[in-house]
Amino acid sequence: MSSDMFSKFNPGILMELVSRLMSTLVGKVVMLTNGRFGTIIMIDPYNPLKVLLKTGTEIIDLRMEKEWQIERIIG
């Protein structure tokens, strides 16, 4: 979408759409930008791209790990 068209959408509706899309990913395995894999266990409702992940015995909170992001959804 061009930036002109994007700015015409209601930000509240867009946030709701992103939140609902991200909530379908709970339980999915993802790969992070650092190459690690984890399972999404919780989505932050105020920042849906910053999730809580379980990697083996460790829990990673992407709200705290600013340099890491989800790179790919594995399944």
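Side chains are part of it too, since the values below use all heavy atoms of this structure and drop only hydrogens, waters and symmetry mates.
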Q) How many angstroms lie between atom CG of Asp44 and atom CG of Leu49, to the nearest 0.5 angstrom? A) 10.0 Å
Q | Contacts of Thr55 that satisfy side chain to side chain donor-acceptor pair (under 3.5 Å) - sequence neighbours left out | A | Arg36
Q | Qualifying residues under side-chain contact (heavy atoms from CB on, under 4.5 Å), relative to Leu25, sequence neighbours excluded | A | Met22, Lys28, Ile40, Ile73
Q: Applying side chain to side chain contact (heavy atoms under 4.5 Å, CB included) between Ile41 and each of Val26, Val51, Ile59, report the one that passes.
A: Ile59
**Q.** Listed partners of Glu67 passing side-chain contact (heavy atoms from CB on, under 4.5 Å), at least two apart
**A.** Glu65
**Q.** Minimum heavy-atom distance between Thr33 and Trp68, given as atom pair plus value
**A.** OG1-CA, 3.5 Å
Q.
Run the side-chain contact (heavy atoms from CB on, under 4.5 Å) test on Leu32 and Leu53 for me, step by step, so that the C-alpha distance in whole Å, both residues' side-chain angles and the decisive distance to 0.1 Å come before the verdict.
A. CA-CA 10 Å; Leu32 299 176; Leu53 297 169; 3.5 Å; yes
Q. Residues in side-chain contact (heavy atoms from CB on, under 4.5 Å) with Met42, at least two apart?
A. Leu52
Q. Who passes side chain to side chain donor-acceptor pair (under 3.5 Å) against Arg63, sequence neighbours left out?
A. Asp61
Q) For the hydrophobic clusters of this structure (ILVMFWY residues joined by side-chain heavy atoms under 4.5 Å, transitively), does one cluster hold both Ile60 and Ile43? A) yes
**Q.** Interatomic distance, Met64 atom CE to Lys50 atom NZ [nearest 0.5 angstrom]
**A.** 10.5 Å
Q.
Under the salt bridge (Lys or Arg N to Asp or Glu O under 4.0 Å) definition, can you give me all pairs with a residue in residues 11-27, not counting sequence neighbours?
A. Glu16-Arg20
Q.
side-chain contact (heavy atoms from CB on, under 4.5 Å), that's the test. Do Leu14 and Asn10 meet it? Break it down for me.
A. CA-CA 6 Å; Leu14 284 177; Asn10 181 325; over 6 Å; no
Q | Heavy-atom side-chain contact between Met31 and Ile74 under 4.5 Å | A | yes
